[in-house]
Amino acid sequence: MIPSDCQAVLDRIAKEDVHFVDLLFTGMMGELKSVTVSAEEMPSVFASDKGVDGSSVLGFARLEESDQVLVPDPRTFRIFPYAVPSEQRTGCVFCDVHNPDRTPFAGSPRQVLRRMVEQVKALGYDDFYVAPELEFFLFRPNGNELSPLPFDQGGYFDSGTHDPADAIKKQMMIAIRKMGIETECAHHECAPGQHEIDIHYGPALEIADRTVLVKQVIKAVAVQNGALATFMPKPTQGESGSGMHTHFSLWRDGKNTFYDPKGEPYHMSATGRQFIAGLLLRVREITAVLNPLVNSFKRLIPGYEAPVYISWASINRSALVRVPNVREEAEATGRRAEIRSPDPSCNPYLAFALI
């Protein structure tokens with residue numbers, strides 16, 4: 001007997017003429033992995049999962065432990081919005097990685113975040129809510145030279161004729177919306193060819209899934225427009241690097257626990273201040289995951305609004321942790337903190353779990 005949520009996915013596959021489904025998961029570095037099955041195979045996948053060789057995924061399992069199982073999460077099913085021949089219409093679903101005995105694989109990044117969210121809920125909170133800002137660069141081919149050219153020469157918030165990538169960003173936002181993912185805004189960033197798309201806040205596990213997908217959509221739409229999108233933190237020397245500033249808050253009983261009208265400073269509650277204190281205490285250890293590449297540390301230098309000191313502030317955008325300014329009437333729901341050191345090359349599951 002197939003559960004009702006799985007049957008709803010099968011019904012949608014049939015109704016929308018989907019021919020293939022990508023079973024998605026990520027490696028340790030956050031890179032998207034997939035196994036493609038035909039639509040006709042999905043009832044079997046939902047009934048008995050899908051076996052894979054985990055030893056071929058870096059950091060997952062040793063050769064003698066290679067058998068692992070993908071267990072699809074039907075709540076994450078989406079259909080890719082790209083223009084393809086009708087016989088190639090493809091959907092996707094995120095999967096949890098399990099051991100052969102169907103116990104969760106402890107080394108799966110998605111499972112790491114799931115365990116942390118369960119701990120948060122065990123403390124009495126509704127969930128850990130996050131909202132990442134994804135910065136990236138667009139480049140165009142440059143003949144046979146190794147160094148591509150920035151797609152545009154725009155600067156911060158440039159628009160219209162100053163930002164020829166404006167139409168591409170809108171195509172990206174349309175594609176993201178068609179996948180059922182909300183974005184807050186998009187704009188040109190500081191450096192030539194640098195852009196940002198912000199994902200609407202939500203529960204950490206759900207937003208981690210969405211972050212991985214949004215990065216994939218951005219890259220695909222860029223290719224369709226003859227461009228290359230990269231989430232490399234510092235692709236251009238002498239220009240600003242790309243971060244993944246992450247806003248966060250804890251909620252309990254439908255109320256934002258970071259807000260206290262009598263809290264000082266910034267109307268930040270004791271819970272919020274203690275959360276920030278924990279980040280400042282442990283940021284040295286977690287930086288290896290929030291900034292996983294050698295290139296990551298070419299971004300964390302003075303002069304580019306990237307944090308270089310362990311500090312927190314309100315208006316100062318060079319602080320490691322910032323409390324964004326919020327309208328007084330919106331403070332009860334909007335009071336939050338923002339950690340500005342992560343970059344978009346990180347694994348969002350591990351980054352959110354460690355934060």
Side-chain angles (χ1 to χ4, degrees), residues 30-32 81-82 130-142 147-179 181-201 207 210-247 290-291 293 295-296 298-301 303-307 317-318 322 324 338-346 348 351:
E31 70 278 19
L32 190 61
Y82 316 132
V130 296
E133 302 173 0
L134 282 172
E135 296 177 355
F136 59 95
F137 278 83
L138 287 177
F139 291 103
R140 63 173 80 242
N142 187 20
S147 299
L149 297 170
F151 195 87
D152 59 78
Q153 293 298 315
Y156 201 56
F157 286 157
D158 276 352
S159 183
T161 57
H162 296 288
D163 179 12
D166 186 61
I168 298 179
K169 284 203 297 291
K170 288 173 181 173
Q171 290 179 40
M172 292 172 177
M173 295 180 76
I174 291 170
I176 293 166
R177 186 173 67 234
K178 285 182 177 179
M179 296 193 77
I181 298 174
E182 291 182 81
T183 57
E184 288 205 346
C185 66
H187 62 84
H188 201 290
E189 264 293 338
C190 297
Q194 188 184 28
H195 303 268
E196 175 178 312
I197 294 179
D198 298 345
I199 300 175
H200 197 271
Y201 77 93
I207 297 302
R210 293 182 176 192
T211 300
V212 173
L213 271 182
V214 167
K215 291 171 68 173
Q216 187 79 354
V217 170
I218 287 173
K219 291 178 179 179
V221 173
V223 168
Q224 292 174 351
N225 285 273
L228 168 69
T230 178
F231 294 94
M232 187 178 185
K234 187 83 167 182
T236 306
Q237 186 175 3
E239 299 288 356
S240 295
S242 291
M244 190 183 79
H245 307 146
T246 300
H247 300 249
L290 303 187
N291 307 96
L293 306 180
N295 184 262
S296 297
K298 296 182 178 181
R299 165 181 167 257
L300 301 177
I301 59 176
Y304 295 94
E305 288 193 0
R317 291 179 179 269
S318 66
R322 189 175 76 95
E338 170 196 10
I339 182 167
R340 296 178 61 81
S341 63
D343 68 56
S345 71
C346 74

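These numbers come from the heavy atoms of this one structure, side chains and all, not from hydrogens, waters or symmetry mates. When a residue number appears, it is its place in the shown sequence, counting from 1. Because the structure is a prediction, the values reported are computed rather than measured.
For the atom pair OG1 (T211) and CD1 (I199), the distance works out to 3.5 Å, reported to the nearest 0.5 Å. In this structure, the separation between CD1 on I218 and CD1 on I176 is 5.0 Å, given to the nearest 0.5 Å. Atom NE2 of H245 is separated from atom CD of E338 by 6.0 Å, given to the nearest 0.5 angstrom. Atom CZ of residue R340 and atom OG of residue S318 lie 8.0 Å apart, to the nearest 0.5 angstrom. Atom CG of D343 and atom CG of L134 lie 11.0 Å apart (nearest 0.5 Å).
In this structure A191 satisfies the side chain to side chain contact (heavy atoms under 4.5 Å, CB included) test together with F137, Q194, E239, sequence neighbours excluded. L32 is linked by a side chain to side chain contact (heavy atoms under 4.5 Å, CB included) to L24, T26, F94, V212, Q216, counting only residues two or more places apart in sequence or in another chain.
Counting heavy-atom neighbours within 6.0 Å of Y82 OH, excluding the residue itself, gives a total above 12.
Counting only heavy atoms from C-beta outward, the side chains of H188 and H195 approach each other to under 4.5 Å. In this structure, the side chains of L290 and I339 come closer than 4.5 Å at one or more pairs of heavy atoms. Residues C346 and M244 form a side-chain contact, since some pair of their non-hydrogen atoms from C-beta on lies under 4.5 Å apart.
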For residues 221-233, which side-chain N or O atoms pair as donor and acceptor with protein atoms under 3.5 Å away, sequence neighbours left out?
residue : atom : partner : partner atom : Å
N225    : OD1  : Q171    : NE2          : 3.4
N225    : ND2  : Q171    : OE1          : 3.1
N225    : ND2  : V221    : O            : 2.8
T230    : OG1  : M232    : N            : 3.1

